[in-house]
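Single-structure report; data block below.
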Amino acid sequence: MQVFRGKVVKGKSRGKDLGFPTANIAVHQKIEEGIYLGKSQTSKPKSQDLPSLIFIGSAKTFGEKDYKAEVYILDFKGDLYGKYITVHVLKKIRDNKKFDSQEELIEQMEKDLEVAKKFFAPWC
């Protein structure tokens, strides 16, 4: 299991626009690009394990080259900007890929979410 920690920074709000708001953090270690299941811990107000879908890599669909992590915390409502989160990477579910359209990307993200819900069902 790999673990990384970082400060949540403002991104392009693309995840939010696609219906999957993410916490954007820099990754300083090399983790293979892809979509992962994991648990995130927020530093405040109280640390707890939060089921998460984690994108690591560059957003190929949007022509980006920067390597980063975007963490979608399932059923999370709140503002994490400026806070630190710790991310425990548990399992890779697919490779990073370029999609032909935003609609195709959203469709795949919804499938990824279903995989995550099944995986985390015993803990939720």
Spacing of CG belonging to Asp112 relative to CD belonging to Glu110, to within rounding of 0.5 Å
10.0 Å

Identify whether NZ of Lys or CZ of Arg in Lys30 sits under 6.0 Å from the centre of the six-membered ring of Tyr67 and within 45° of that ring's axis.
yes

Contact check, side chains of Asp66 and Lys68, non-hydrogen atoms, under 4.5 Å
yes

State which residues pass ring pair (Phe, Tyr, Trp, His ring centres under 6.0 Å) with Phe4; sequence neighbours excluded, sorted by chain then number.
none

Count the heavy atoms belonging to other residues, nucleotides or ligands that lie under 6.0 Å from NZ of Lys92, then report whether that count exceeds 12.
yes

Does the side chain of Asp75 come within less than 4.5 Å of Phe120's, by heavy atoms?
no

Apply side chain to side chain contact (heavy atoms under 4.5 Å, CB included) to residues Phe20 and Leu113 and explain how you reach the verdict.
CA-CA 10 Å; Phe20 292 83; Leu113 180 58; 3.9 Å; yes

Lys60 atom NZ: more than 12 heavy-atom contacts under 6.0 Å:
yes

Ignoring hydrogens, what is the shortest heavy-atom contact between Ala69 and Ile56? Give both atom names and the distance.
CB-CG1, 4.3 Å

Would you indicate whether the side-chain heavy atoms of Lys91 and Tyr36 approach each other to under 4.5 Å?
no

Roughly how far, to the nearest 0.5 Å, is CD1 of Ile85 from CD1 of Ile73?
5.0 Å

According to ring-ring contact (aromatic ring centres under 6.0 Å, His included), does anything in residues 85-118 pair up with another residue at least two apart or in another chain? List the pairs.
none

On a heavy-atom basis, which atom in Glu70 and which in Asn24 lie closest, and how many Å separate them?
CG-OD1, 3.0 Å

Please give me the minimum heavy-atom distance between Ser58 and Glu64, naming the atom from each residue.
CB-O, 3.4 Å

For Val89 and Val3: C-alpha separation, side-chain torsions, deciding distance, then whether side chain to side chain contact (heavy atoms under 4.5 Å, CB included) applies.
CA-CA 6 Å; Val89 179; Val3 178; over 6 Å; no

Taking Leu80 as the starting point, is it possible to reach Val9 by hopping between hydrophobic residues whose side chains are less than 4.5 Å apart?
no

Minimum heavy-atom distance Leu74-Ala116, with the two atoms named
CD2-CB, 4.1 Å

Measure the spacing between CD of Glu33 and NZ of Lys97 and express it to the nearest 0.5 Å.
14.5 Å

Are the side chains of Gln102 and Thr61 in contact, using a 4.5 Å heavy-atom criterion?
no

Check whether any side-chain heavy atom of Leu37 lies under 4.5 Å from a side-chain heavy atom of Leu53, and answer yes or no.
yes

Do Lys39 and Leu50 touch side chain to side chain, with heavy atoms closer than 4.5 Å?
no

Is the closest side-chain heavy-atom distance between Tyr84 and Val8 below 4.5 Å?
no

One should read off an interatomic distance between His28 NE2 and Arg5 CZ, to the nearest 0.5 angstrom, of 11.5 Å

Determine, stepwise, if the pair Ile35 / Gln108 fulfils side chain to side chain contact (heavy atoms under 4.5 Å, CB included).
CA-CA 11 Å; Ile35 307 300; Gln108 181 61 57; over 6 Å; no

Where Lys7 and Ile25 come nearest, the two heavy atoms and their spacing
O-CG2, 3.3 Å

How far apart are the closest heavy atoms of Ile54 and Gly38, and which atoms are they?
CD1-CA, 3.7 Å

So do Thr42 and Lys83 actually touch side chain to side chain, heavy atoms under 4.5 Å?
no

